[in-house]
Amino acid sequence: MIKAVAALFGLFFALFGLVGQAEPVARLAGEAEILDEAGGVHLTVPVTAPVPWKVWLADEPPRLIVDFQGLAFDEPPVLRSGSIADLRLERAEGDWTRLVAYLREPLTVIEAEMHGTETGAQLDLVLGTTTGGAFKEEARALTEPVAETEKTCCVVVLDPGHGGRDPGAEAGAVNEATLMLEFSLLLKEVLEETGQFEVHLTRSKDVFVPLDARMSLARAANADVFLSLHADDLAKGSGAASGLTLYTLAADAVPGARSVARGAGDDILKEVDLETAEDQVALALAGLQGQTTAPRTAALSRNLLGAVQASDIAVNSRPERQAEFAVLKAADIPSVLVELGFLSSKEDLARLTSPEWHRQAADALRDGLLLWAEEDRLLREGLGN
Ligand SMILES: [Zn+2]
């Protein structure tokens, strides 16, 4: 094991020819490849941990450039595409590694996503053909200003709870993992329609994504907001719970400690998130949110609730809940766990399986996020940030 790690670092330093470079935080978790498939040219890069990345096009010569931060790459992806003439790895600034694909024909980026997997994460890029003129336009637009591009209002990371071997709550043929994935994909679309949000998912398939990977994905994506989406089962114990409920961390959580303190009287959170071994989303929230973020998170929860109530969506009798979680690390990502409803409630089950309700709830969450983003911007400008 130690030998393998040493070999890995050796390759990393050999590649960059520099000692003292930041250590890589991730390496390939399988074969990276670029190949022709139905729908376009697919680049897949499986990695052991999510890392920040960016992609753009450049001209003269026409090429696609993908940068990864903290990724030790010992060789370029396997080339199985007729549209690509050559692939090369270069060192970029700092601890960034650059993958350059020299194009035989004008291509454009159709899809680009890093999502969680059982072994870490994977970057999926899909490229489609375009005209030479459109390519030149895009390359001109993207090559220079990419670093200064005004960020859209917010990077939102949606975290569909559970997945893979962990189906979450179940009610007959319905399970929470599938419902939350469907809902998150819809919410992503609804948020992107506004042109205001850059949206990432911690998983876009029915796969199990470990808690750490969900958190790392949010950090790697430079998330401004993290929304974890659930519809848990409260049949055991206080079975009467129903309606949408928002969970945030208490402002007085103790920083630095690793254990999770149970919030007094927070039966739902205790049952749902602390005693369900596979579902430690509350811990994820604790890891993402530092104390200084608490007021921004409180505003997020308040705006989400306001929008949900305005759209007449059924909410829990105590819709905003907090618990005193210990904070793993100070981070700066306002985070809310949304229980859209409870699969153990007949009324909620009917709502949660209705496409109309999904649309209504997604619209409401979008409205809440837009309201919050505006308030948060004003707040931060007021603070001189
Ligand atoms: Zn859940």
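The shown structure was predicted, so the numbers you read here are calculated from the model rather than taken from an experiment. Atom set for the values below is all heavy atoms of this structure, side chains included, hydrogens, waters and symmetry mates excluded. Atoms within a ligand are numbered from 1 in the order they appear, just like the ligands themselves.
- Listed by first then second residue, pairs satisfying salt bridge (Lys or Arg N to Asp or Glu O under 4.0 Å) with a partner in residues 343-357 read Asp348-Arg351, not counting sequence neighbours.
- Residue His230 approaches the Zn ion (ligand 1) most closely through its N/O/S atom ND1.
- Rounded to 10°, the angle formed at the Zn ion (ligand 1) by OD2 of Asp232 and NE2 of His162 is 160°.
- Checked against the Zn ion (ligand 1), the N, O or S atom of Glu176 at the shortest distance is OE2.
- Between Glu31 and Arg80 a salt bridge is recorded (basic side-chain N to carboxylate O distance below 4.0 Å).
- A salt bridge does not link Arg366 to Glu193: none of the charged nitrogens lies less than 4.0 Å from a carboxylate oxygen.
- At a threshold of 2.8 Å, the Zn ion (ligand 1) has no backbone or side-chain N, O or S atom of Glu339 nearer than that distance.
- In the hydrophobic clustering of ILVMFWY residues, with side-chain heavy atoms under 4.5 Å counting as a link, Val190 and Leu352 come out apart.
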